[in-house]
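One structure below.
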Amino acid sequence: MAAERLLEVEELKVSFVTEDGIVYAVDGVSFTLDRGEVVAIVGESGSGKSVTVMTLMGLTRGPNSRFEGSARLRDRDLITASEAELRRIRGKEIAMIFQDPISSLSPVHRIGDQIVEQIRAHEDISKAAAFDRAVELMERVGIPRARDRARAFPHEFSGGMRQRAMIAMALSLSPSVLIADEPTTALDVTIQAQILEEVKQLRQDSESGVIFVTHDLGVVADIADRVIVMYAGRVVEQGTLDEIFYDPQHPYTWGLLGSVTRMDRDPPRRLPAIPGQPPSLVHPPQGCHFRPRCPHEFEHCAEVPPLEARVPEAPDHLDRCWLEVADKRARREVEGRIGLGTGSVVA
């Protein structure tokens, strides 16, 4: 049976008018999300990951914002939806776990009251019943003594506990789509593993679709079904987890993978890195945005490469690079390494 399609984003463009010029933050992003699927969006800071998902939530709207394209949550377009429609959708049908819970939670309201407020905004339920549900949710995500801790303020929680409270709030109305924007960035590896288990359990229990935004490819390997690689506002590659990790087709993806230290080999004397800096999104490079940093650049790169399938045996593996597949594989396999430049090593 075909999976239920929850979300379909088509040619989404987001730009902001600033004093320095127009910032082209998201440039023609397209992807889908099915029920029970985890789609990871990866890339460096400034690649457009967070702007993409925050636009789906209606959180980038403003007098200087410009939008094109569509993002359909079932039969409703989130881009053209009114503020009243978005208020009915947010939290109930699409929810978000933010990167920094200390700045996302109100410091002057108790944790339990903030979860109760979201529940009562969408359901006709008593405050006592909503509080009981909030306690239940906090217990579900592993917060000890949940009934007592629900009466605590955010500053009384550790970073990991605040993130768990954010997850409890996001789960409070059983949304069909959950967006997690780098929820493990500021956490130690033990708490990070526990948070990932909570997301996996959510997918298993409610079959919600999950969009997981991160720059950590170790996290991606642990949780994702499909991977979208973004650079300078554009999708440069997307495919299944195995396609991205074992047969990456874009030099930028090689660089990201090459920056991950291998556990089955001796550590390199110097950690590999992608040379240069991400480009200005006010004045992006002509053609391929990665061209100024790519050691494989040639004359054709001055034109914008389309995002299309180039690997015959993988019709859903898309990339945005002019090099031929055989040429890319040959360059990747230099001295048994896969990566960008001579120092990169990946699986």
Side-chain angles (χ1 to χ4, degrees), residues 4-18 23 25-26 28-35 39 41 48-101 103-131 133-134 137 165-181 183 202 206-211 213:
E4 179 189 354
R5 178 62 44 84
L6 297 176
L7 181 68
E8 188 165 3
V9 179
E10 292 186 0
E11 287 298 315
L12 178 63
K13 296 184 179 182
V14 183
S15 57
F16 304 100
V17 180
T18 71
V23 177
V26 177
V29 168
S30 300
F31 66 92
T32 60
L33 178 70
D34 293 340
R35 180 170 291 282
V39 173
I41 303 179
K49 310 183 303 295
S50 293
V51 173
T52 297
V53 295
M54 290 180 72
T55 298
L56 302 181
M57 296 288 292
L59 300 178
T60 56
R61 295 186 176 190
N64 296 328
S65 305
R66 304 289 183 269
F67 305 98
E68 295 181 37
S70 64
R72 302 196 67 81
L73 179 65
R74 294 196 173 96
D75 60 342
R76 281 169 292 189
D77 189 351
L78 300 173
I79 306 304
T80 58
S82 66
E83 287 296 329
E85 288 177 307
L86 282 176
R87 281 195 294 273
R88 288 193 293 270
I89 293 170
R90 274 195 300 250
K92 184 174 178 61
E93 296 183 48
I94 180 169
M96 188 165 180
I97 304 169
F98 293 92
Q99 179 175 351
D100 183 10
S103 61
S104 304
L105 294 166
S106 170
V108 297
H109 293 91
R110 301 178 194 275
I111 293 286
D113 291 341
Q114 295 185 56
I115 300 174
V116 165
E117 181 182 19
Q118 172 159 299
I119 295 171
R120 299 190 73 202
H122 293 278
E123 293 185 11
D124 185 12
I125 185 175
S126 70
K127 189 172 182 179
F131 184 79
R133 190 194 297 181
L137 288 160
M166 283 290 299
I167 293 175
M169 185 181 297
L171 303 183
S172 62
L173 295 159
S174 300
S176 56
V177 175
L178 176 66
I179 298 171
D181 186 5
L202 165 70
S206 62
E207 293 190 333
S208 295
V210 179
I211 301 174
V213 177

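Predicted model, so just to flag it, every value in this text is computed and none were measured. In what follows, residues are counted from 1 in the order of the sequence shown. These numbers come from the heavy atoms of this one structure, side chains and all, not from hydrogens, waters or symmetry mates.
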Minimal heavy-atom distance between Leu56 and Val9, with the atoms involved, is CD2-CG2, 4.0 Å
For Ser65 and Thr60, indicate whether the former's side chain and the latter's backbone hold a donor-acceptor pair under 3.5 Å.
yes
With sequence neighbours left out, what residues match Ser172 under side-chain hydrogen bond (donor to acceptor under 3.5 Å, both in side chains)?
Gln118
Is it the case that Ser70 and Asp77 place a side-chain donor and acceptor less than 3.5 Å from each other?
no
Once salt bridge (Lys or Arg N to Asp or Glu O under 4.0 Å) is applied, do any residues pair with Glu85, and if so which ones, sequence neighbours excluded?
none
What's the separation between atom OG in Ser176 and atom CD in Glu4, rounded to the nearest 0.5 Å?
7.5 Å
Answer yes or no: is there a side-chain heavy-atom contact under 4.5 Å between Leu78 and Leu7?
yes
What one should report as the nearest heavy-atom pair of Arg35 and Leu6 is CA-CD1, 3.5 Å
Please give me the minimum heavy-atom distance between Val26 and Gly48, naming the atom from each residue.
CG2-O, 3.9 Å
Acceptor/donor pairs from residues 105-112 side chains to any protein atom, 3.5 angstrom cut, sequence neighbours excluded:
| unit_1 | atom_1 | unit_2 | atom_2 | d |
| --- | --- | --- | --- | --- |
| Ser106 | OG | Val108 | N | 3.4 |
| Ser106 | OG | His109 | ND1 | 2.9 |
| Arg110 | NH1 | Arg151 | O | 2.7 |

May I ask you to decide if Ile125's main-chain N or O and Arg120's side chain share a donor-acceptor pair within less than 3.5 Å?
yes
Please check if the number of heavy atoms outside Glu93 that lie under 6.0 Å from its CD is greater than 12.
yes
Closest non-hydrogen atoms of Leu178 and Ala170, given as atom of the first, atom of the second and distance, are CD1-CB, 3.6 Å
Of all heavy-atom pairs between Gly28 and Lys13, which one has the smallest distance, and what is that distance?
N-CG, 3.3 Å
Smallest separation among heavy atoms of Pro175 and Ala95, with atom names
CG-CB, 3.7 Å
